[in-house]
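All chains are named by letter (A, B, ...) in the order of the sequence lines, taking the proteins before the strands, and each is independently numbered beginning at 1.
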Amino acid sequence: MDFIQQFINGLSLGSIYALIALGYTMVYGIAKMLNFAHGDVIMVGAYVLSLAAVKAGLSPVMSIIFPVVICMLSCTVLGVTIEKIAYRPLRNASPLAVLITAIGVSYFLQSVALLIFGSNQRKVESVIPEFSLSLGEIHLSGEAITTLGVTVLIMICLALFINFTRVGKAMRAVSEDKGAAQLMGVNVNTTISLTFAIGSFLAAIASILFVSSYGFVGPYSGAMPGIKAFVAAVLGGIGSIPGAMLGGIILGIIESMSKAYISTELADAIVFSVLIIVLLVKPTGILGRKRITKV
Amino acid sequence: MLKVNDLNVYYGMIHAIKGISFNVEEGEIVSLIGANGAGKTTTLHAVSGLIKAASGNSEFMGRNINNMTADKIVRLGLGHVPEGRRVFQELTVDENLDMGAYAVKDKAVIKREYERVMELFPRLKERRKQLAGTLSGGEQQMLAIGRALMSHPKMLLLDEPSMGLAPIIVMDIFDIIQTCNKEGMTILLVEQNAKMALSISDRAYVLETGNIVMEGKASDLLNDDKVKKAYLGG
């Protein structure tokens with residue numbers, strides 16, 4: 001029974017990693033860059049959530065919806081703005097320059113948070129109503145149920161969007177061949193902005209679910225989930241959307257199981273050894289494929 | 001219909017296109033022939049906005065397209081079938097065609113063009129749900145042309161449509177190019193297979209290391225000794 005309980009905890013944690021990993025993988029797939037500031041968008045989202053929750057003296061339903069919507073909006077706008085200001089001018093620069101800029105943006109966001117809120121952790125009220133479900137010995141918290149439900153819903157929507165809408169097809173086309181996509185009339189800049197918007201929106205959702213379970217936010221809160229989600233994206237195959245979903249879930253389960261059966265202290269080390277093993281054994285990840293280019 | 005004046009393109013320090021001028025009138029098939037590296041593809045890329053020209057003036061249907069991005073130029077009705085086909089390998093044939101009509105809003109028009117493409121390329125019909133990456137080279141070329149036709153362009157730039165294809169498929173493709181032309185589409189054709197290109201063209205330009213060295217009626221060029229020697233295998 002304990003095993004199943006740990007498995008569900010892992011699924012719930014993994015769902016959050018998966019949501020964040022989707023942002024990494026989509027941006028990588030389309031803009032061919034690693035946005036290392038992605039994790040910090042989660043941190044900003046959590047601060048926004050805490051501010052919006054405190055200021056609202058609204059009805060019970062509105063007191064959930066208001067901070068959630070504000071958090072989603074701020075993260076989306078932040079993601080698009082970061083792309084426009086920091087990454088777009090470097091569209092034709094070397095990948096190393098873009099990578100260093102991304103790390104710079106990450107430190108910038110952390111420093112701004114440190115400047116405004118100080119280094120102490122700030123309490124965040126959970127926006128998920130308190131409830132729980134018990135099936136025999138298995139206990140499901142409201143946070144876990146909400147996390148799983150929301151993630152499944154989001155992933156279905158995203159899969160439908162990418163596979164069946166025109167804009168989704170355009171995103172896949174840009175990911176494969178920017179020039180050819182332009183010749184179809186696709187505006188590449190708009191598509192990249194949209195990708196950042198979707199990635200950051202998903203980060204906002206991950207942020208809400210994450211702090212609702214964790215309860216606190218500090219300037220460096222986004223770094224760890226961000227880097228673990230990056231590992232998840234690489235594990236699943238960076239650039240692959242199903243890969244990010246799968247990688248996130250697997251990583252969450254590995255972490256949860258390691259904490260329960262091996263050692264809490266070693267859990268992070270085990271998670272990161274997964275990255276090393278993947279890079280050694282199958283650098284393209286579980287679902288990643290090498291693109292065959294014919295000339 | 002297309003007027004290019006004093007076009008200059010640089011790749012870093014390399015002066016790839018050295019002030020060429022040419023024009024294509026409505027209803028014509030015009031070829032741009034020349035050896036590998038003469039600058040044929042670069043010229044097309046500069047016209048359709050995929051690369052930026054250093055200087056020069058391009059006009060399409062009376063509109064200045066110098067500083068327009070590729071996605072805007074295609075919306076004016078200038079289609080481009082790029083070298084090496086560049087179909088979206090991980091999209092199905094249908095999805096590729098749908099991308100071709102990305103700039104078109106009217107569903108009825110899309111349906112009409114789709115049926116037209118299926119009529120021109122019956123082979124694609126059998127492979128509608130297949131990923132483009134699994135098609136043969138000839139089928140990919142058909143898809144690349146079909147995809148460009150989906151937006152119902154007034155003029156089509158075709159870059160090396162015969163490249164890497166069996167002679168019999170090249171014949172098919174050239175038949176289709178002529179069919180499209182008879183229906184009123186203006187065509188600018190870039191080819192290494194000069195004989196094939198000249199045989200269907202009205203006029204042609206010969207490009208050599210970034211300069212136009214010769215121009216004239218395709219039938220005259222076919223019989224020109226210099227052209228024969230350099231491009232038609234004697």
Pairwise side-chain contact, B/Val74 with A/Met184, heavy-atom cut-off 4.5 Å (strictly under): no
B/Val81 versus chain A, the contacting section by heavy-atom distance below 4.5 Å: neither
Reported NZ-to-CG distance for the pair A/Lys169 and B/Leu91, which is rounded to 0.5 angstrom: 8.0 Å
Minimum heavy-atom distance between B/Arg147 and A/Ala180, given as atom pair plus value: NH2-CB, 4.4 Å
Engaged part of B/Ala101 at the chain A interface, taking heavy atoms whose separation is under 4.5 Å: both
Shortest non-hydrogen separation from A/Arg166 to B/Ile110 and the atoms involved: NH2-CD1, 3.4 Å
Sidechain-backbone polar pair: A/Glu176 side chain, B/Glu90 backbone, donor-acceptor under 3.5 Å: yes
Minimal non-hydrogen separation, B/Leu50 against A/Gly179, with atom names: CD2-O, 3.6 Å
A/Phe161, CZ: over 12 other non-hydrogen atoms inside 6.0 angstrom: yes
Under 4.5 Å from any heavy atom of chain A - which part of B/Arg86: both
Atom CZ of A/Phe7 with >12 non-hydrogen neighbours under 6.0 angstrom: no
Taking every non-hydrogen atom, the tightest pair across B/Phe88 and A/Asp177: CE2-O, 3.8 Å
Shortest non-hydrogen contact from B/Tyr102 toward A/Ala170: CE1-CB, 3.6 Å
Atom pair CG/CG of A/Asn189 and B/Asp71 - distance to nearest 0.5 Å: 8.5 Å
Residue B/Gln178 excluded, over 12 heavy atoms near CD under 6.0 Å: yes
Structural part of A/Asn163 lying under 4.5 Å from a heavy atom of chain B: backbone
Neighbour count >12 (heavy atoms, 6.0 Å) for atom CD1, B/Ile168: no
When B/His45, B/Met99, B/Lys72, B/His80 are compared by non-hydrogen pairs under 4.5 Å with chain A, the top option: B/Met99
